[in-house]
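Here the structure is laid out as structure tokens; the discussion comes afterwards.
Quick note: numbers below take in every heavy atom, side chains included, and nothing from hydrogens, waters or symmetry partners. Here is how names work: the chains are called A, B, and so on, in the same order as the sequence lines, proteins then strands, and each is numbered from 1.
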Amino acid sequence: MQNEIRVRFAPSPTGDPHLGSIRTALFNWLFAQQNNGKFILRIEDTDQSRKQHNSDQKMITALKWLGLDWDEGPYYQSKRLEKYHTAIDTLIKNNKAYRCYCSPERLDNLRKQNSKNHDKKFIGYDKLCRKNSNLETSKPHVVRFAMPETGKTIFNDIVRNEVSFQNELSEDFIILKSDNFPTYHLANVVDDNDMKISHVFRAEEWLPSTPKHINLYNALGYPIPKYGHLPMLLSSDRTKLSKRHGATSIIDLINIGYIPIGLINFLALLGWSLDDKTEIFQTEELIKNFDIHDLTKSGAVVDYEKLSWINGYHIRSLDPDSLAKQIYEFWELNPPKNFDTSPTMEETKKIVPLIQNRIKILSEISEYIGFYFKKSIDYTIEELIQKGMDLQSTKIALEASKSALNSITKFDSVSIETSLRNTAIELQIKPGQLLSTLRVSLTGQKISPSLFEIIELNGIDKTIERINISIEKMTT
RNA sequence: GGCGCGUUCGUCUAGCGGCCAAGGACACGGCCCUCUCAAGGCCGAGAUCACGGGUUCGAAUCCCGUACGCGCUACCA
């Protein structure tokens, strides 16, 4: 089918998967989903020196975790060298490219000299080898593309409308390196043609090299895809997003406790919005409403506060069982340091109602619920004694709570609440005083989920045991 | 330096010639609720739409210029 929508995500395996890359992947994926198109994954590993082991695997893991599944690939450019060489041979044969024997030293000097002389005509390379039709192939060399020396390259960017560049301002860029690997420019064009890519959505930083690509398409006789250059993701100082200002690796974000839909929802809103009020989207709603033609043009600063808010919102709206599943998986990969035991699925399900609307990210749970997974809790007598109370009255309060709890027939949070509130009245102290004492006694924490639910969760035996420990503590 | 892109509350954004002396959200402040922490509810502060010229009866919205910012300018992608 000729008009099939085919997009690709083409990361280079040079580090951890970056938030910006993921956003590009998301926009491509959404576009493919809503157009019944194909989403292709291609690993651009043409730079052997910058390549990092496992980088591609991390990318794959991240995409799967987010649910951004692909229809074809991953293709690896390093396994497709023949295709590039064929294209390059064709270009040389047609005088659209030429071998260049200039040494890196010569190029370096050339640039230094010209920047000193402020020569405005000089662009990157002086085309020495383009003039000499010296075709000795034995000597080390690169291959350069012969850029048109006149005219303009004009294209209609889906995000930015018409963009135009003077051809003479693009240098005769290298398409084949001396290690026999193609550069990005060439491999990218050959592959996009080979894989019948219909739309190229990539970050704005690629905009200036687009005329190079278009001229390459023309020289090779390939049809030109539609382009859309996405606004960049920025750090708080408005420069290209970098890890100096926060986590940019999606792997780090996963380990902090963001959930897939939280990240997807947040990323979708960086450069796109539905209207003047809707902030929360499920993936299906994004597929339905997202519009690549309606993007913001300026860069967007990544606001981690807002990410957390969106993430928390989704955590709150998840059904408890699927939240439990996500927490369980999260804890498997990131066991909380303050736990003495590994939570089972059953235990995880039990604690969900207590923390669901108190957290923004999964890593916050362990602070709230640590007492439940600890063999013993730790606190001082001072922490036990509340404002307006002393050692004696605190002890009395604990004793009274003990007998009140012991006499409850139906041990659930509602009965527990009634019983303890009555105890406070009988003792003539404020509910807050009683409950705060119990909170410390039962959790060792000043901050916790609802006390009544905690008592139900702990059960009568563990509760009495911990109260006894407090009483003993104050007696010695 | 050259080239390109961009510019609405601190941040993400709505706005596509009159509905805007600019709306929403995050963050922030206050109040309510309340067993702590959250969540939730209500209220508030916050942008003369970078600046200057046009065009028009009318401009945040169209055009031009200036400034500023960012990106690119590698045998990196």
Side-chain angles (χ1 to χ4, degrees), chain A residues 10-14 44-47 49-50 100 102-104 107-108 111 114-115 118-124 140-144 157 159-160 163-166 169-171 173-179 181-185 187-188 202-211 229 231-232 234 236 238-240 266 269-280 294 296-310 312-313 316 355-360 364 367-368 417 420-421 424 430-440 443 445-452 454:
Chain A
S12 59
T14 53
E44 308 225 317
D45 56 347
T46 53
D47 186 343
S49 61
R50 291 212 309 153
C100 171
C102 295
S103 68
L107 296 173
D108 204 41
R111 277 185 214 110
N114 284 288
S115 76
H118 295 103
D119 185 345
K120 287 177 187 166
K121 282 275 181 201
F122 177 78
I123 306 292
H141 63 274
V142 299
V143 175
R144 287 179 183 274
D157 191 273
V159 178
R160 281 149 223 288
V163 183
S164 107
F165 292 84
Q166 211 82 38
L169 295 175
S170 282
E171 64 173 314
F173 56 97
I174 291 170
I175 54 177
L176 184 72
K177 298 181 267 188
S178 54
D179 65 1
F181 274 75
T183 57
Y184 167 83
H185 301 301
N188 178 265
R202 60 193 355 176
E204 188 193 343
E205 53 195 297
W206 293 107
L207 195 54
S209 51
T210 305
H229 288 89
M232 301 224 304
L234 272 26
S236 52
R238 304 206 73 92
T239 58
K240 222 168 156 177
F266 173 70
L269 257 19
L270 256 23
W272 175 81
S273 65
L274 175 63
D275 53 29
D276 60 347
K277 52 178 85 65
T278 317
E279 303 274 348
I280 300 298
D294 197 18
T296 298
K297 294 180 177 65
S298 50
V301 173
V302 172
D303 181 358
Y304 294 95
E305 296 274 7
K306 184 147 188 182
L307 202 210
S308 293
W309 175 78
I310 290 181
Y313 196 101
R316 270 171 261 137
I355 50 82
Q356 185 158 18
N357 64 6
R358 286 171 220 271
I359 56 159
K360 292 194 170 83
E364 289 174 319
E367 294 301 314
Y368 271 114
E417 173 159 14
L420 288 178
R421 285 193 187 283
K430 290 182 194 156
Q433 291 176 304
L434 208 221
L435 301 177
S436 297
T437 297
L438 283 170
R439 186 186 318 284
V440 173
T443 68
Q445 301 164 196
K446 286 192 165 162
I447 294 170
S448 82
S450 162
L451 225 219
F452 313 116
I454 284 175

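The partner of B:G65 is B:C51, by the rule that a Watson-Crick or G-U pair needs both atom distances under 3.5 Å. Using Watson-Crick or G-U wobble geometry with both donor-acceptor distances under 3.5 Å, B:G1 finds its partner in B:U73.
Counting non-hydrogen atoms under 4.0 angstrom, A:Val301 reaches the backbone sugars and phosphates but no base. Contacts of A:Arg238 with the nucleic acid, taken as non-hydrogen atoms under 4.0 Å apart, involve only primed sugar atoms and P, OP1 or OP2. Within 4.0 Å (heavy atoms only), A:Ser178 reaches at least one base atom of the nucleic acid. Using a 4.0 Å heavy-atom criterion, one finds that A:Gly124 contacts no nucleic acid atom at all. Using a 4.0 Å heavy-atom criterion, one finds that A:Thr278 contacts no nucleic acid atom at all. No contact: A:Arg202 has no heavy atom under 4.0 Å from any strand. Contact annotation for A:Ser298: backbone-only contact, meaning every heavy-atom pair under 4.0 Å involves sugar-phosphate atoms and none involves a base. Here A:Trp272 lies out of heavy-atom contact (under 4.0 Å) with every strand. As judged by a 4.0 angstrom heavy-atom cut-off over every strand, A:Pro431 is placed among residues making no nucleic acid contact. In this structure, A:Ser308 reaches neither bases nor backbone, as no heavy-atom distance under 4.0 Å exists between it and the strands shown. Residue A:Tyr368 is in base contact, counting any heavy-atom pair closer than 4.0 Å across all strands shown. Within the 4.0 angstrom heavy-atom criterion, base atoms lie near A:Arg439. Within 4.0 Å of A:Lys430, counting heavy atoms only, lies no atom of the nucleic acid at all. Contacts of A:Leu451 with the nucleic acid, taken as non-hydrogen atoms under 4.0 Å apart, include base atoms.
Comparing B:A77, B:G24, B:C12 against the side chain of A:Lys277 picks out B:G24 as the nearest. Considering only side-chain atoms of A:Arg111, the nucleotide from B:G71, B:G23, B:C75 that sits closest is B:C75. When the nucleotides B:U36, B:C35, B:A77 are ranked by their closest atom to the side chain of A:Ser450, B:C35 comes out on top. Picking from B:C5, B:C26, B:C75 the nucleotide with the shortest atom distance to the side chain of A:Lys306 gives B:C26. Across B:C35, B:C76, B:A38, the shortest atom-to-atom separation from the side chain of A:Ser436 is found for B:C35. Candidate nucleotides B:C12, B:A77, B:C35 were compared by shortest atom distance to the side chain of A:Phe452, and B:C35 ranks first. Listed nucleotides: B:U13, B:C26, B:C35. Nearest to the side chain of A:Thr296: B:U13. Nearest to the side chain of A:Arg316, among B:C75, B:C12, B:A39, sits B:A39.
Residue A:Arg421 places at least one side-chain N or O under 4.0 Å from the OP1 or OP2 atom of B:C35. Listed pair A:Ser273 / B:G24 fails the phosphate criterion, with no side-chain N or O lying under 4.0 Å from OP1 or OP2.
Rounded to a whole Å, the CG atom of A:Leu234 is 12 Å from the C1' atom of B:U7. Look at CG on A:Asp157: it is 14 Å from C1' on B:G71, rounded to the nearest Å. One atom, NE2 of A:His229, and another, P of B:A77, lie 16 Å apart when rounded to the nearest Å. Nucleotide B:G4 holds its P atom 18 Å from the NZ atom of A:Lys297, rounded to whole Å.
On a pure distance criterion of 3.5 Å, no polar donor-acceptor pair joins the side chain of A:Ser209 and the base of B:C72. Between the side chain of A:Arg358 and the base of B:C37, at least one donor-acceptor pair of N or O atoms lies under 3.5 Å. Between the side chain of A:Glu279 and the base of B:G24 there is at least one donor-acceptor pair of N/O atoms closer than 3.5 Å.
Nucleotides B:C12 and B:A47, compared at atom C1', are 14 Å apart to the nearest Å.
Remark: A:Arg160 engages A:Glu204 in a salt bridge, criterion side-chain N to carboxylate O under 4.0 Å. The pair A:Asp303-A:Lys306 fails the salt-bridge criterion, with no side-chain N (NZ, NE, NH1 or NH2) lying under 4.0 Å from an Asp/Glu carboxylate O.
Each of A:Leu269 and A:Val163 was matched to the nucleotide of RNA chain B holding its nearest heavy atom; the match closer to the 5' end belongs to A:Val163.
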